[in-house]
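Just so you know, these numbers come straight off a predicted model, no measurement behind them. Throughout, a chain's letter reflects where its sequence line sits, starting with A, and its residues are numbered from 1.
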Amino acid sequence: MPIISISKLSKTYTSGFTALRDIDLAVERGEIFALLGPNGAGKSTLINIVCGIVTASSGTVLVDGHDIGADYRAARRVIGLVPQELTTDAFETVLNTVNFSRGLFGLKPDAGHIERILRALSLWDKRDSRLMTLSGGMKRRVLIAKALSHEPRVLFLDEPTAGVDVELRQDMWRLVRDLRQQGVTVILTTHYIEEAEEMADRIGVIRRGEIILVEEKAALMRKLGRKQLILHLQQPLAAVPPDLADYELALAGEGRELVYTYDTRAERTGITGLLTGLSAAGIRFNDLHTEQSSLEDIFVGLVREERVQA
Amino acid sequence: MSAAFTMNWPAVRSIYRFEMGRFWRTAGQSILAPVISTTLYFVVFGAAIGSRVSAVDGVPYGLFIVPGLIMLSLLTQSISNASFGIYFPRFAGTIYEILSAPISPLEVVLGFVGAAASKSILIGLIILATSALFVPLRIDHPFWMIGFLLLTAVTFSLFGFVIGLWADGFEKLQLVPLLIVTPLTFLGGSFYAIGMLPPFWHAVSLLNPVVYLISGFRWAFFGKADVNIAVSLGMTALFLVICLGLVTYIFRTGYRLKS
């Protein structure tokens with residue numbers, strides 16, 4: 001059973017804006033799922049509905065088998081949420097605010113657990129500091145500590161690294177991997193492709209309130225990935241030889257590099273044919289390497305395709 | 001599922017403690033302010049004016065104003081504490097945590113309203129203690145006195161909670177206490193018996209719900225009331241029910257809490 005199953009979920013705000021249309025999505029236990037999409041695509045609305053902050057217009061959401069409406073207590077108990085905005089109680093201390101969160105989820109105080117979390121997030125030395133004295137990055141850490149205070153089985157990270165420095169970003173990625181080791185499911189939204197590429201097992205692309213694609217990251221990259229073969233020529237070329245016009249070739253590096261773009265999905269990549277052709281044309285090369293297109297290229301390609309269809 | 005029917009008491013405790021924390025953090029101000037204002041009232045109304053006013057219903061004027069003074073603070077403090085308590089997380093955005101936690105509306109209300117009522121009761125008791133420094137106190141029905149104190153604090157904290165949910169700016173937060181509650185309290189017989197008014201204004205006063213609160217509370221002190229004690233109790237209970245109804249409606253519809 002998936003830890004989160006969403007079916008036919010729609011949301012239209014009172015303003016008339018439809019943020020989500022007929023979303024169907026299943027998130028598997030223990031995976032890291034990245035919800036990727038441009039700003040305003042509906043990522044936060046989706047998360048906020050699952051967490052109980054926004055009311056759905058229609059559809060059902062089950063968290064660990066519990067309906068988020070009828071059985072909200074059981075559903076929410078397993079969820080930790082790190083919101084996008086840095087919202088903290090200015091006058092509270094770090095330790096108090098984290099203990100407060102644990103209490104809200106109906107759990108008894110556990111000093112040991114809280115200490116472990118604060119240490120893992122480099123907050124232990126700041127435990128008695130008031131939140132208003134902390135930097136933005138530190139506040140972000142506090143929000144993560146609050147979300148982890150009640151030992152959630154599912155962690156939602158809404159734009160976790162927006163406006164965050166490199167150190168925290170790396171800490172966060174490490175933390176997410178540790179959580180997965182412990183069997184925690186992590187769902188993150190982002191519009192940074194590298195974040196999804198770095199962390200996710202599966203990626204869902206959301207656009208204008210619709211999920212247009214859900215795929216294993218590796219499969220997605222394989223499936224949609226275009227690869228380039230770059231040949232470093234011994235002698236520069238002025239133009240691509242006419243004999244090789246059938247291949248998708250381009251010259252780079254002042255004619256010293258021949259770039260061949262091919263599709264990894266194709267049954268024949270054409271590499272053998274190209275190399276034979278080059279040999280026949282007397283073109284010699286002294287080195288070669290391949291490059292795989294990044295998730296960003298894939299994403300941009302997907303969104304562009306969508307636009308063309310629309 | 002049985003878990004769904006058990007109360008999440010740790011959550012109620014957490015909210016309650018969190019809210020009381022603010023009171024204790026500013027304890028100097030929270031406690032000193034009512035002491036100073038009570039002292040001022042006694043200087044002005046008790047000593048300066050009171051010495052020229054004859055006893056009301058056989059009660060010396062300085063003593064007569066004690067229940068009204070307590071009520072005045074109880075009403076304004078309950079409303080401002082409770083409205084600020086729930087408005088601030090909405091304003092700051094920290095409400096997300098309450099909304100996404102496994103807490104029922106009843107538990108949220110218990111935590112916030114319980115804390116607001118506790119604070120105003122504490123302040124009421126501080127005023128009572130301060131009064132004892134100026135006049136020899138007399139409480140004929142101490143249990144009823146405590147009963148009215150509790151009932152009023154809870155009712156007006158609920159009312160404040162509703163205002164805190166309704167308000168969409170700091171001005172609105174001040175609007176109801178300033179423009180409605182304070183005038184109603186002053187005109188509700190805090191400093192006089194409404195029987196002292198001409199018949200027309202006496203009749204108008206009976207439309208003021210605060211009259212019933214103060215009258216009942218004063219009865220607990222001196223055994224004398226402007227209106228029948230049962231009517232006082234009934235009106236206060238009615239207002240409690242109205243506020244409960246409003247809070248229930250708000251949570252059921254998610255008004256101003258969820259989009």
When heavy-atom pairs shorter than 4.5 Å are enumerated against chain B, which of T55(A), L81(A), D89(A) gives the highest number?
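The answer is D89(A).
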
If you count heavy-atom pairs under 4.5 Å between each of P109(A), A147(A), P83(A) and chain B, which one has the most?
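The residue among P109(A), A147(A), P83(A) with the greatest pair count is P83(A).
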
[X] versus chain B, heavy atoms under 4.5 Å apart: side chain, backbone, both or neither?
X: F100(A); result: both
X: L86(A); result: neither
X: T14(A); result: neither
X: T88(A); result: backbone
X: K108(A); result: neither

Measure the CD1-CG distance between I187(A) and L157(A) for me, rounded to the nearest 0.5 Å.
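With rounding to 0.5 Å, CD1 (I187(A)) is 9.5 Å from CG (L157(A)).
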
For I95(B), is it the side chain, the backbone, both, or neither that has a heavy atom closer than 4.5 Å to a heavy atom of chain A?
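Contact with chain A is absent: no heavy atom of I95(B) under 4.5 Å.
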
Side chain / backbone / both / neither for R22(B) at chain A, heavy atoms under 4.5 Å:
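The answer is neither part of R22(B).
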
Distance alone, cut at 3.5 Å: any donor-acceptor contact between the side chains of [X] and [Y]?
X: T189(A); Y: D158(A); result: yes
X: K8(A); Y: S58(A); result: no
X: S101(A); Y: E97(B); result: yes
X: S10(A); Y: S57(A); result: no
X: T18(A); Y: T12(A); result: yes

Could you check whether R73(A) pairs with E107(B) (Lys NZ or Arg NE/NH1/NH2 to Asp/Glu carboxylate O, under 4.0 Å)?
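Yes, charged N to carboxylate O under 4.0 Å.
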
Among the options S100(B), P89(B), G21(B), pick out the one with the most heavy-atom pairs lying under 4.5 Å from chain A.
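Option with the greatest count: S100(B).
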
